[in-house]
Amino acid sequence: MQEVYHEGELIVQNRTGESSIAAQNAKMVGNRFSNGIINFLITQQFAVLSSTDGKGNVWVTFLTGEPGFVEELDEQRMVIRAGLITGDPLASESKEQKQIGLLVIDTKRRIRLRVNGTAIMEMGQFIVTAHQIYGNCPKYIQKRSLCSEKDAYRMLKSEQRSKELSQQHVEWITQADTFYIGSTNDRGEMDASHRGGNPGFVHVVNAETLMFPDYFGNSMFNTLGNIQSNPSSGLLFIDYDHGHSLQLTGLAEIIWDEAAIASFPGAGRVVRFEIRDVVQLNNATELWWEDTEMSPFNPKG
């Protein structure tokens, strides 16, 4: 049990009364790629990666490619044949071996796989060594298919950097039905996770503050456990019409206040996110997602 969960995760599991469920779900966490996982990886075109920059800030980014760009090398290592887009906050760190959180997600089939471990950038690709490998349920994944004009690799057109959200960013976030969150614990171990809901489920408090719900999931509380241990976190929002990305880094806090939670239908808890830096990267190559279908698990209201 201690080998799977760190202290922050155990604290949150105990506070929510879901320790027994978490203990059962810990059994699905491994450190070897099974045949089923290997067959899943070679069909994928999209992955989300979280790590830290030289200042310890957590950032989340995404990688795309043709089917087969993610592939197993041996029972504990995998390769992602794609590099970071120019301008990405993690690009200058990519040549060093880093702790990373990785989420390989097939939104068309609502299947997701988490791989936490270390990675190093070599010859324009990531070599990942897995420490934890496990699947997640399909809850809150909006069904959509990735499309591309020529190939599925990202290329920078322009970038914008700021310390707070612009009005365009506010509109982007308030219309979003999906985002990705990166977090880290007090040992520096990383995680990348998916969050989904109906448009408007992320509330913009002001240009420097967001609040969003935590819905019922697998009771493992990997993200909230990390936040309990270390508030440094990052968020990623994707423009599904063009492939542009909005990356935020800052500090997260779990809100347990019942009045605050009541403002988010279906939430068990709420997370407050204080923004420190904002990076918008506009994609030059045409990527888009279509055939969107909201998840039947999204809370109503």
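If you're wondering where the values come from, they're calculated on a predicted model, not measured in any experiment.
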Exercise. Heavy-atom distance under 4.5 Å between the side chains of L73 and M78, does that happen here?
Worked result: no

Exercise. With no hydrogens and no angle check, do the side chains of D53 and W59 hold a donor and an acceptor under 3.5 Å apart?
Worked result: yes

Exercise. Run the side chain to side chain donor-acceptor pair (under 3.5 Å) check on T249 and N57 step by step: do they pass?
Worked result: CA-CA 6 Å; T249 190; N57 299 312; 4.5 Å; no

For this session: Answer with yes or no whether the side chains of S19 and N14 bring together a donor and an acceptor at under 3.5 Å.
Result: yes

For this session: Using a strict 4.0 Å threshold on nitrogen-to-oxygen distance, state whether R144 and D177 make a salt bridge.
Result: yes

For this session: Indicate whether the side chain of R112 and that of H194 have a donor and an acceptor atom separated by less than 3.5 Å.
Result: yes

Exercise. Quick one: do the Q280 and N282 side chains pair a donor with an acceptor below 3.5 Å?
Worked result: yes

Exercise. Linking Ile, Leu, Val, Met, Phe, Trp and Tyr through side-chain heavy atoms less than 4.5 Å apart, which residues share a cluster with M190?
Worked result: V58

Exercise. R154 side chain to F62 main-chain N or O, any donor-acceptor pair under 3.5 Å?
Worked result: yes

Exercise. Looking at residues at least two apart in the chain, or sitting in another chain, which of them share a side-chain contact (heavy atoms from CB on, under 4.5 Å) with D257?
Worked result: I255, A259, A260

Problem set entry | Polar side chain donor-acceptor pair, S34 to R32, under 3.5 angstrom | no

For this session: Give every residue pair that meets the ring-ring contact (aromatic ring centres under 6.0 Å, His included) criterion with at least one member in residues 127-146, sequence neighbours excluded.
Result: Y140-Y215

